[in-house]
Amino acid sequence: MGYRYIGSKARIADDILRYLGPPKTTDGCFIDAFSGTGVVASKAADLGWQIKINDMMHNAVVMSEARLVSRADVPFSSLGGYAEALEDLRQTERKGFIWREYSPASLQEIGIERKYFTEGNAKQIDGAVEKIHDWRKKGTINAKEFALLISTLIFAANNVANIAGTYGCFLSKWQPQALGTLNLVPLEVREDRVKYNVTTDDVFAVTSKPEDVVYLDPPYTKRQYASYYHILETITLGDEPIVEGVAGLRPWKEKASVFCYKLKALRALVNLASSQEAHRVLISYSNDGHIQLDHLVEELEKTGTVDVLELGSIGRYRPNVIASSHKQAVREYLIDYRHDRGTEREQTVDAGAVASQQS
């Protein structure tokens with residue numbers, strides 16, 4: 001899957017899993033608590049781990065699940081197969097919510113011209129969204145088939161979106177790829193089944209067992225994923241929210257992440273890691289963020305042992321030419337935190353403290 005996503009670990013996922021290794025027992029589960037597009041969880045599944053994926057964003061969970069489904073999970077029996085389902089979607093278009101709010105038609109419809117998609121592509125997206133959600137409501141497709149189809153549509157939409165990399169806003173001039181035609185390309189599907197489950201919980205509600213491994217890859221900057229990927233959330237939910245402003249953002253502040261606030265992020269991350277029952281917590285860390293590595297390690301060492309693995313320097317995601325000219329790089333680390341179960345320390349996070357951090 002090729003997809004531009006802030007903080008993606010696609011280029012270092014192999015390094016992370018090479019360090020972790022395969023499960024030593026059949027009881028342990030790899031818990032990806034901020035799943036994003038699911039690339040790390042998918043690599044863990046390749047090594048034989050049972051998987052739990054969680055993200056507060058529905059579109060992220062759908063994309064993560066699409067990496068885990070097998071051919072046996074998604075037969076599309078009622079539609080004649082995956083390829084036939086996509087062909088049906090290609091033949092469908094309508095003037096719906098995406099066309100009305102996020103194509104140039106918005107100028108006449110609502111008085112604000114938004115140029116996320118051409119009118120033609122917006123109508124294709126609307127037609128596919130309506131049909132996929134209708135199929136799911138009627139039982140024509142199962143939950144895993146739904147995840148695969150929505151993920152397929154998201155990747156196709158991303159390829160023709162007139163954006164700089166996120167949906168925080170559209171570009172004023174049409175980019176060449178945005179003038180192309182929406183193309184629903186089948187995604188690669190696994191041959192072997194993976195044992196997994198998915199949730200869209202607040203990350204502080206994610207629980208683990210001692211034999212599990214919890215992987216944390218929280219946002220480390222002020223960029224809120226709920227606003228940056230709002231259109232993908234609308235496609236996934238199939239709703240028609242009241243949107244606002246030039247960018248047409250759907251309501252997102254109830255999903256604002258505490259980890260995006262500089263003064264709250266360190267304590268929130270330490271609380272999250274130390275509250276897990278899993279004896280081992282892996283944390284992806286980037287020097288691009290507002291948490292200082294030495295501060296994080298110092299706080300974690302109060303409740304356990306910490307090893308820090310440097311994964312090397314990767315090219316920084318830069319959404320525009322001006323930023324690219326700075327030629328900045330991001331240094332990536334993997335923090336291996338293991339609870340000190342031999343001490344009489346507090347094992348749970350005070351609910352009031354967590355609530356105050358998220359307010």
- Message: I'd like to know if Glu299 pairs up with Arg267 as an ion pair, taking the criterion as any Lys NZ or Arg NE/NH1/NH2 lying under 4.0 Å from an Asp or Glu carboxylate oxygen.
- Response: yes

- Message: Going by the rule side-chain hydrogen bond (donor to acceptor under 3.5 Å, both in side chains), which residues pair with Lys138 if we only count those two or more places apart in sequence or in a different chain?
- Response: Asp134

- Task: Can you sort out the partners of Glu130 under salt bridge (Lys or Arg N to Asp or Glu O under 4.0 Å), two or more places apart, ordered by chain and number?
- Result: Arg94

- Parallel, tilted or perpendicular, as decided by the 30° and 60° cut-offs, for the rings of His339 and Tyr337: perpendicular

- Task: Output all residues satisfying ring pair (Phe, Tyr, Trp, His ring centres under 6.0 Å) with Tyr196, sequence neighbours left out; order by chain, then residue number.
- Result: none

- Task: Using the test salt bridge (Lys or Arg N to Asp or Glu O under 4.0 Å), find all partners of Glu191 that sit at least two apart in sequence or belong to another chain.
- Result: Arg71

- Item | For Ser284, side-chain hydrogen bond (donor to acceptor under 3.5 Å, both in side chains) partners two or more places apart | Tyr215

- Under the side-chain hydrogen bond (donor to acceptor under 3.5 Å, both in side chains) test, which residues partner Asp88, sequence neighbours left out? Lys131

- Item | Asp212: partners by salt bridge (Lys or Arg N to Asp or Glu O under 4.0 Å), with sequence neighbours left out | Lys209

- Test: Asp46 and Arg67 ion pair at under 4.0 Å: no

- Message: Restricting to ring pair (Phe, Tyr, Trp, His ring centres under 6.0 Å), what partner residues turn up for His133, sequence neighbours left out?
- Response: Phe146

- Any pair counted as salt bridge (Lys or Arg N to Asp or Glu O under 4.0 Å), so long as it reaches residues 225-246, sequence neighbours left out: Arg100-Glu240, Glu233-Lys255, Asp239-Arg250

- Residues Gly168 and Ala247: closest non-hydrogen pair is O-CB, 3.4 Å

- Message: Please enumerate all residues that pass ring pair (Phe, Tyr, Trp, His ring centres under 6.0 Å) together with Phe170, with sequence neighbours excluded.
- Response: Tyr116

- Task: Mind jotting down which residue pairs meet the salt bridge (Lys or Arg N to Asp or Glu O under 4.0 Å) criterion with at least one end in residues 166-179? Sequence neighbours excluded, please.
- Result: none

- Set of residues satisfying side-chain hydrogen bond (donor to acceptor under 3.5 Å, both in side chains) with respect to Glu101, sequence neighbours excluded: Arg114

- Task: Before accepting this row, confirm whether a basic side-chain N of the pair Asp126/Lys95 lies closer than 4.0 Å to the acidic partner's carboxylate O.
- Result: no

